[in-house]
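The next block holds one structure in the form of structure tokens; read it before the comments.
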Amino acid sequence: MPDRTGFWLMKSEPDECSIDDALAAPDRTVAWTGVRNYQARNFIRDAMRIGDGVLFYHSSCPQPGIAGIARIASEPRPDPTQFDPASKYFDAASRADAPRWLLRDVQALRRIPLIDLARLRAHAELDGLLVLRKGNRLSITPVEPRHWHFIVDRLARDT
DNA sequence: GCCAACGTTGGC
DNA sequence: GCCAACGTTGGC
């Protein structure tokens, strides 16, 4: 048993990588590329631990919401897309000997019936969930244990 | 260090 | 496509 378990919400555009894409990947695991925000980078680098729970969130799509449950599956390592000029995540200012952007592998565990934003907002138990906060643009946010448990143990079970 | 301009995110 | 909110950039 881990002596510490953290919880996260991670946004992915389903056009790029949906929960179904992740579940279909080898070992159901995908490299979480493309994080280009320092606060989110610091979560990846410093705060996450292997085994931490992940709410897999679909963003920038017709039905934004929590679409699945996943887990952090690796230590941090350099995001290779920052060095790929053909990638939209290419960062010419990042040097190979001092990579600016990191990623974690994320292992999908299961799909859940989509919990959309209206449904999330309808529960007072989820007041304070960062993804619901106005103007929030962070692609990775920490999730409080009480929020995690309410979502996973209650909402993800209803249909 | 300030802050205006600009680019991006992301729901609607 | 709109636009509010936020992060980054760069002149000073």
Side-chain angles (χ1 to χ4, degrees), chain A residues 6-25 30-48 52-72 76-144 146-148 150-152 154-156 158-159:
Chain A
F7 303 106
W8 307 92
L9 182 144
M10 299 175 75
K11 296 179 186 174
S12 182
E13 299 186 16
D15 284 350
E16 274 192 44
C17 181
S18 70
I19 183 68
D20 290 331
D21 294 333
L23 284 167
V30 292
W32 205 268
T33 58
V35 172
R36 296 293 182 270
N37 169 283
Y38 286 103
Q39 199 177 343
R41 189 278 311 271
N42 292 347
F43 288 143
I44 289 171
R45 185 187 63 192
D46 305 325
M48 288 177 168
D52 280 0
V54 173
L55 300 173
F56 197 114
Y57 181 93
H58 285 175
S59 71
S60 298
C61 59
Q63 283 194 296
I66 297 168
I69 309 297
R71 63 186 284 275
I72 298 299
R77 56 190 169 82
D79 179 345
T81 63
Q82 71 196 297
F83 303 121
D84 177 4
S87 169
K88 72 175 194 175
Y89 299 119
F90 177 64
D91 181 352
S94 184
R95 301 173 2 158
D97 59 353
R100 181 177 288 179
W101 307 113
L102 304 174
L103 61 72
R104 297 267 184 163
D105 290 334
V106 172
Q107 182 178 42
L109 298 178
R110 60 193 172 94
R111 187 183 221 290
I112 62 172
L114 186 84
I115 309 170
D116 66 18
L117 286 171
R119 185 130 172 266
L120 292 170
R121 289 190 211 282
H123 296 282
E125 291 90 339
L126 296 179
D127 285 356
L129 187 67
L130 290 174
V131 77
L132 300 180
R133 207 155 67 172
K134 185 178 178 180
N136 166 66
R137 287 172 24 191
L138 256 190
S139 66
I140 299 176
T141 46
V143 173
E144 294 177 39
R146 64 194 170 95
H147 290 153
W148 170 272
F150 184 76
I151 291 166
V152 172
R154 300 279 303 283
L155 297 188
D158 305 342
T159 312

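Note that these values count all heavy atoms, side chains included, but never hydrogens, waters or copies made by symmetry.
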Inset, instruction - Could you list the residues that satisfy ring-ring contact (aromatic ring centres under 6.0 Å, His included) with A:Phe90, not counting sequence neighbours? - result: none

Inset, instruction - Sequence neighbours left out, what passes ring-ring contact (aromatic ring centres under 6.0 Å, His included) with A:Phe56? Give chain and number order. - result: A:Trp32, A:His58

Legend entry - Of all pairs that satisfy ring-ring contact (aromatic ring centres under 6.0 Å, His included), the ones with a partner from residues 116-136 of chain A, not counting sequence neighbours: A:His123-A:Phe150

Legend entry - Within residues 99-120 of chain A or reaching into it, pairs that qualify as ring-ring contact (aromatic ring centres under 6.0 Å, His included) - sequence neighbours excluded: A:Tyr38-A:Trp101

Legend entry - Sequence-distant partners of A:Asn42, side chain to side chain donor-acceptor pair (under 3.5 Å), two or more places apart: A:Arg45

Inset, instruction - Identify the 5'-most and 3'-most nucleotides of DNA chain B with at least one atom closer than 4.0 Å to a non-hydrogen atom of chain A. - result: B:dG7 to B:dC12

